[in-house]
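Right, one structure below, let's go through it.
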Amino acid sequence: MPGSGTRVPELPEVETVRDGLARHVLGARVADVTVLRDYSVRRHEGGPVDFAARLRGAVLVAAARRGKYLWLELDHPGEALLAHLGMSGQLLVSDPAADPGAPDHRHLRVRLDLVMPDGAPRRLDFVDQRTFGYLAVVGTVPTPDGAPGGSGSLRAEVPDGVAHVGRDLLDPALDVDAVVRAVRSRRSGIKRALLDQTLTSGVGNIYADEALWRAQVHYDRRCDALRPPQVRAVLDAARTVMTEALAVGGTSFDALYVNVNGESGYFARGLNAYGRAGQPCARCGAEIVREVFMNRSSYLCPVCQPRPRARRSPRAGTAAG
DNA sequence: CATGACGCCTGTCAGC
DNA sequence: TGCTGACAGGCGTCAT
């Protein structure tokens, strides 16, 4: 049911958040920091106290993203506030003066009290039910390929710890041919490669299934057995699906409210595969099925996405029969 | 280096 | 009613 269901943020959702932050908190100075849950800053090396100390007084000067990683550059050169939303993270911007009596969100983990350049107070809350997400203040390093790019900043720097993440499919500096080669050098199933954030980033379980459905490729097709045009078609499908979701989900940010859960792109545009077990395939009418792959659900059309012939020896697998 | 399994977390829901 | 286990699942870590 909508409202309580989980909507895991993938690239379009994170980009929508980044865009909202760019429009609502840039130029703000951090007046105060409250860490309500230490675990939510576990990636910050110096611990919660140091996390707050490093942020106090800093000005947020840019909002950038690569894949599902999001960061706010600080006016302290070479430092950034890194955020990953994990499975349930939200960044909520509000005006604390608008409704002083409003109760805090149940899953509030970190609060930043901000002051805008004109002196107006503003609040940035990190809310995260399942706490797979995190915030951290980290240094920035040059991108491995030396090229600018990414979304929201044309700077050639990324936070330390994000350098290993590949450019995403919406990044104009992405070398698609190189990604095709890298994917085809793998022996794993194509879905595993799609989810590998070091090859190309931003694709999660939901958009992976949608891309494979669209490209009519089974999730367990071996990467090194796919022809280059097939790999390219899968990547193109992933880009298309995410672009469409972004177009739909990105329209809900006129309010002073940055929300990854409220009007998520993939729910607004509708899904063709993910979560549709038992329902007819929109293309051929066959029943969509759910299977377990990599310990997570995979939804596919068994007719449009035929299973590859036998793969390697099923040594440790449960030979479900 | 490539590959794949595991655990971290909280909340919901089906089944007993 | 209350307990238990399955499920959701990104990603860092570890073993092979």
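Chain identifiers are assigned alphabetically (A, B, ...) following the order of the sequence lines, protein sequences preceding nucleic acid strands; residue numbering begins at 1 within each chain. Basis for what follows: all heavy atoms, side chains included, without hydrogens, waters or symmetry-related copies.
In the set B/dC9, C/dA8, B/dT10, the nucleotide with an atom closest to the side chain of A/Arg109 is B/dT10. Nearest to the side chain of A/Arg290, among B/dT10, C/dA8, C/dG10, sits C/dA8. Distances from the side chain of A/Ser297 to the nucleotides B/dT3, C/dG10, C/dA8 place C/dA8 closest. Comparing C/dG12, B/dT10, B/dC9 against the side chain of A/His107 picks out B/dT10 as the nearest. For A/Thr131, the listed nucleotide lying nearest its side chain is B/dT10; candidates were B/dA2, B/dG11, B/dT10. With B/dC6, C/dC11, B/dC9 as the candidates, the nucleotide lying closest to the side chain of A/Asn295 is B/dC6. Nearest to the side chain of A/Arg187, among B/dT10, B/dC8, B/dT3, sits B/dT3. The side chain of A/Arg186 has B/dT3 as its nearest neighbour among B/dG11, B/dT3, B/dC8. Of all nucleotides listed (C/dG10, B/dG11, B/dC8), B/dG11 comes nearest to the side chain of A/Arg106.
Rounded to an integer number of Å, the gap from A/Leu199 CG to B/dT3 C1' is 12 Å. Atom CZ of A/Phe126 is separated from atom P of B/dC9 by 14 Å (rounded to the nearest Å). Rounding to whole angstrom units, CD of residue A/Glu10 and C1' of C/dC11 are separated by 13 Å. Note: CG (A/Asp128) to P (C/dC11) measures 13 Å, nearest angstrom. When rounded to the nearest whole Å, the span between CG of A/Leu195 and P of B/dG4 equals 13 Å. For A/Leu271 and C/dA8, the CG to C1' distance is 15 Å, given to the nearest whole Å. Atoms CZ (A/Phe132) and C1' (B/dC6) sit 12 Å apart, rounded to a whole Å. The distance from atom CE of A/Met294 to atom P of B/dA5 is 9 Å, rounded to the nearest whole Å.
A/Arg37 comes within contact range of the sugar-phosphate backbone alone, with a heavy-atom separation under 4.0 Å but no base atom that close. Across all strands, A/Phe293 comes closer than 4.0 Å to no nucleic acid atom at all (heavy-atom distances).
Taking 4.0 angstrom as the limit, A/Gln197 places none of its side-chain polar atoms (N or O) nearer than this to OP1 or OP2 of C/dG10. Listed pair A/Tyr207 / C/dG10 fails the phosphate criterion, with no side-chain N or O lying under 4.0 Å from OP1 or OP2. Contact annotation: A/Lys68 does not reach the phosphate of C/dG10 (side-chain N/O to OP1 or OP2, under 4.0 Å). OP1 or OP2 of C/dC11 has not a single side-chain nitrogen or oxygen of A/His164 nearer than 4.0 Å. Close to B/dC9, at under 4.0 Å from its OP1 or OP2, lies a side-chain N or O of A/Tyr39. Here A/Ser88 does not reach the OP1 or OP2 of B/dG11: none of its side-chain N or O atoms lies under 4.0 Å away.
Under the 4.0 Å criterion applied to side-chain N and carboxylate O atoms, A/Arg232 and A/Asp236 are not assigned as salt-bridge partners. For the pair A/Asp128 and A/Arg37, the salt-bridge criterion is not met [side-chain N within less than 4.0 Å of a carboxylate O]. Salt-bridge annotation for A/Arg54 and A/Glu79: present, with a side-chain N of the basic residue lying under 4.0 Å from a carboxylate O of the acidic one.
Interface remark: the A/Arg192 side chain does not form any donor-acceptor pair with the B/dG4 base, using a distance-only criterion of under 3.5 Å.
With A/Trp213 as the aromatic partner, A/Arg276 does not meet the cation-pi criteria of under 6.0 angstrom to the ring centre and within 45 degrees of the ring axis. Both the sub-6.0 Å distance and the 45° axial angle are satisfied by A/Arg42 relative to the ring of A/Tyr39. Figure legend: A/Arg109 and A/Phe126 shown without cation-pi pairing, the cationic atom not lying both under 6.0 angstrom from the six-membered ring centre and within 45 degrees of its axis.
Closest approach of A/Ser297 to A/Asn205, counting heavy atoms only: O-ND2, 3.0 Å.
In this structure, A/Val292 and A/Arg296 both approach DNA chain C, and ranking their closest nucleotides by distance from the 5' end singles out A/Val292.
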